[in-house]
Undergrad: 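Sending over a structure as structure tokens; questions will come in a sec.
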Amino acid sequence: MTDHDVAQDPDERRLSTRETADRLGVKPETVYAYVSRGQLTSRREPGGRGSTFDAKEVDALARRGGRREPSGAGSELAVRTGITLIDRDHCYFRGVDTSELAAHHSYEEVAEWLWTGEMRRGIRFTAPHDALAAARRAVDALPAHTGPMDRLQVAVIAAAAADPLRFDLSERAVLDTARSLIPTLVAALPRRTAGRPPGQRATEGAGAGRAGAGRGGDGRGAYAEGGGEPGVAERGAAEEPASELGADDGPLAPRLWSRLTSEPADPPSLRVLDAALVLLIDHDLAASTLAVRVAASARAHPYAIVSAGFGALDGALHGAASGLAHRMLLEVLDRGSAAAVVADHLRAGRRVPGLGHPLYPGEDPRARALFALLEDVPRARPALQAARDVITTTARHKEWHANVDLALAVLTVATGMPAEAGETIFAVARTAGWIAHALEEYDEPPLRMRPRGQYSGPRPPQPLP
């Protein structure tokens, strides 16, 4: 029997070294390192040349986070997940192509399916009145120049403070929180109206609403199917109208639209926005998602894990990337030449925004899907042509393909959205994916996300400073 064969035990199946390595996602020599450290038990079968391993023991090690190389330069942490697979030039959620999901289902439908495995047609998420009122008060207290990411981070903290049941990590409670938190984040952002600063409300001096309406029987957020959402049962005299407080009917995309631009929405543009929300729900273990899983492994509540995700997303190399592409497209449209703009980036030693992705050898499938939908938006044609000119120009220098940031930039430029709108879309969309990862991590042993540091300081003992 060779090392790649599987020996059979009367009571249980044994794995070869190769099978064990594949199951753990490590090299075969690493399997023996686990044996030497006492993390795995090997057995050599009579007459066999290779070691075999207990399948249950191997699976237990994988669940504990054993799917990583021992501490060493260049080692990568690998986490078992059933949410997203990136394979060549395709991205899949639970085995389904994300482009197909975006073409046939709304953001809320895909989020609910990702969390529960059930596709509920027409599902709508509702912001609970008390959480939204708290989020609105907190966001309204910020300076007028505050950006959307700052507002979202403040809103999630305020919503958490308004929910005394946030520490309940049962699946039902987490799902109720998710269904209420996402619309709360959207409705906490001020509406954009022509002639009014973006940080100013439509109704100045509006008071906060009372708690109670829009909550489920267990005190958490409610959701409705087919667009039938509970209204606000009672309001104080100084409160904003129910529609302004965010108890909007209909899908999430139109609600978010009014927070991103003062331009009127049309069906093709809303379709692009909704598809973008679906496509951006998750993307494997991006930096923000890893931060979320670390927080969830410490059993942080859903609001806290979303806050952790926002913190990582706020980095210039993560969520803000589409803003750079937005500004580049505006410059191309202003100067009438992609060549001059691309040349400036290359001359300064900067990468051309919106091009290239380390996980895709070709075009980002999310960009491909959005570009196809943008073809049906007449007002997007100038920005779309500018993006194509950038791609064509850079192709003479290097074969860089468009990524989702460039497609988002076309949408935001074409519809009069600010440069940071792409990051807002990214943050709202990714919240659903973070909840899915938190649900997975809550089922794992706690505190397993604890890599060991490689100390590189002076050798002890050192003199007292």
Side-chain angles (χ1 to χ4, degrees), residues 106-116 123-139 148-189 209 211 213-216 218-224 229-230 245-248 251-253 255-256 259 277 280-282 288-289 291-292 295-296 299-313 319 424-442:
S106 72
Y107 171 73
E108 300 98 306
E109 290 171 349
V110 175
E112 182 74 16
W113 168 75
L114 204 61
W115 299 333
T116 67
I123 189 170
R124 301 288 180 259
F125 298 156
T126 305
H129 191 277
D130 49 352
L132 179 54
R136 279 285 182 83
R137 284 196 299 269
V139 169
M149 279 306 301
D150 292 325
R151 293 190 176 104
L152 288 173
Q153 292 188 68
V154 168
V156 73
I157 294 171
D163 185 359
L165 304 180
R166 63 187 179 276
F167 298 102
D168 183 354
L169 301 186
S170 65
E171 183 177 355
R172 178 186 174 188
V174 172
L175 290 173
D176 282 342
T177 296
R179 295 176 185 124
S180 65
L181 176 59
I182 293 173
T184 296
L185 294 175
V186 171
L189 296 172
R215 304 283 285 182
D218 60 353
R220 296 188 153 302
Y223 69 94
E229 297 180 338
L245 265 174
D248 312 55
L252 195 77
R255 303 188 226 176
L256 180 58
R259 269 73 185 178
L277 289 170
L280 291 169
I281 284 178
D282 191 51
S288 56
T289 305
V292 161
R299 297 304 183 257
H301 55 72
Y303 301 94
I305 69 105
V306 171
S307 184
F310 282 161
L313 188 68
T424 307
I425 297 168
F426 200 118
V428 171
R430 192 57 56 91
T431 299
W434 292 336
I435 294 295
H437 278 276
L439 287 167
E440 270 195 345
E441 195 59 40
Y442 289 151

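Excluded from the calculations below are hydrogen atoms, water molecules and symmetry mates; all remaining heavy atoms, backbone and side chain alike, are included.
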Undergrad: Are Thr126 and Pro183 side-chain neighbours, meaning at least one heavy-atom pair lies under 4.5 Å?
TA: no
Undergrad: In Å, rounded to the nearest 0.5 Å, how long is the span from OG of Ser180 to NE2 of His129?
TA: 14.0 Å
Undergrad: Please name the residue in the list Thr184, Thr177, Asp168 that meets the side chain to side chain contact (heavy atoms under 4.5 Å, CB included) test with Asp163.
TA: Thr177
Undergrad: Is any side-chain heavy atom of Thr431 closer than 4.5 Å to a side-chain heavy atom of Phe426?
TA: no
Undergrad: Tell me whether Arg166 contacts the main-chain N or O of Ala160 through its side chain, where contact means a donor paired with an acceptor under 3.5 Å.
TA: yes
Undergrad: So does Asp150 get a backbone contact from the side chain of Gln153, meaning a donor-acceptor N/O pair under 3.5 Å?
TA: no
Undergrad: Begin from the C-alpha positions of Leu439 and Val174 and carry the test side chain to side chain contact (heavy atoms under 4.5 Å, CB included) through to its verdict.
TA: CA-CA 8 Å; Leu439 287 167; Val174 172; 3.6 Å; yes
Undergrad: Might you point out which heavy atoms bring Arg259 and Ala187 nearest each other, and give the distance in Å?
TA: NH2-O, 3.4 Å
Undergrad: Test of understanding: with salt bridge (Lys or Arg N to Asp or Glu O under 4.0 Å), list the residues that count as partners of Glu171, not counting sequence neighbours.
TA: none
Undergrad: What residues form a side-chain contact (heavy atoms from CB on, under 4.5 Å) with Ala253, not counting sequence neighbours?
TA: Leu273, Asp274, Leu277
Undergrad: Any chance you could measure Ile435, atom CD1, to Leu175, atom CG, to the nearest 0.5 Å?
TA: 8.5 Å
Undergrad: Taking salt bridge (Lys or Arg N to Asp or Glu O under 4.0 Å) as the definition, give me every residue that meets it alongside Glu108, ordered by chain and number, with sequence neighbours left out.
TA: none
Undergrad: Kindly indicate whether the side chain of Arg430, heavy atoms from C-beta on, has any atom under 4.5 Å from the side chain of Thr289.
TA: yes
Undergrad: For the atom pair CG (Leu169) and CD1 (Ile305), what is the distance rounded to the nearest 0.5 Å?
TA: 10.5 Å
Undergrad: Under the side-chain contact (heavy atoms from CB on, under 4.5 Å) test, which residues partner Ala291, sequence neighbours left out?
TA: Ala312
Undergrad: Go through it in stages, so that I can follow the logic: the residues are Leu252 and Val428, the test is side chain to side chain contact (heavy atoms under 4.5 Å, CB included), and I'd like the CA-CA distance, side-chain angles, deciding distance and then a yes or no.
TA: CA-CA 10 Å; Leu252 195 77; Val428 171; 4.1 Å; yes
Undergrad: Applying ring-ring contact (aromatic ring centres under 6.0 Å, His included), name anything that partners Trp113, two or more places apart in sequence or on another chain.
TA: none
Undergrad: Centroid-to-centroid, Phe125 to Trp115, below 6.0 Å?
TA: yes
Undergrad: Using side-chain heavy atoms (C-beta onward) and a distance below 4.5 Å, is Ser170 in contact with Tyr442?
TA: no
Undergrad: Ignoring hydrogens, what is the shortest heavy-atom contact between Pro251 and Arg124? Give both atom names and the distance.
TA: N-NE, 3.3 Å
Undergrad: Please list, chain by chain and in numerical order, all residues satisfying side-chain contact (heavy atoms from CB on, under 4.5 Å) with Ala427, sequence neighbours excluded.
TA: Met149, Leu152, Phe310, Leu313
Undergrad: Applying ring-ring contact (aromatic ring centres under 6.0 Å, His included), can you list everything that pairs with Tyr107, at least two apart in sequence or on another chain?
TA: none
Undergrad: Taking Leu189's backbone N and O only, do any of them form a donor-acceptor pair with Arg136's side chain (distance below 3.5 Å, no angle check)?
TA: no
Undergrad: List for me each residue that meets side-chain contact (heavy atoms from CB on, under 4.5 Å) alongside Ala155, sequence neighbours excluded, and say none if there are none.
TA: Ala135, Val139, Leu185, Ala188
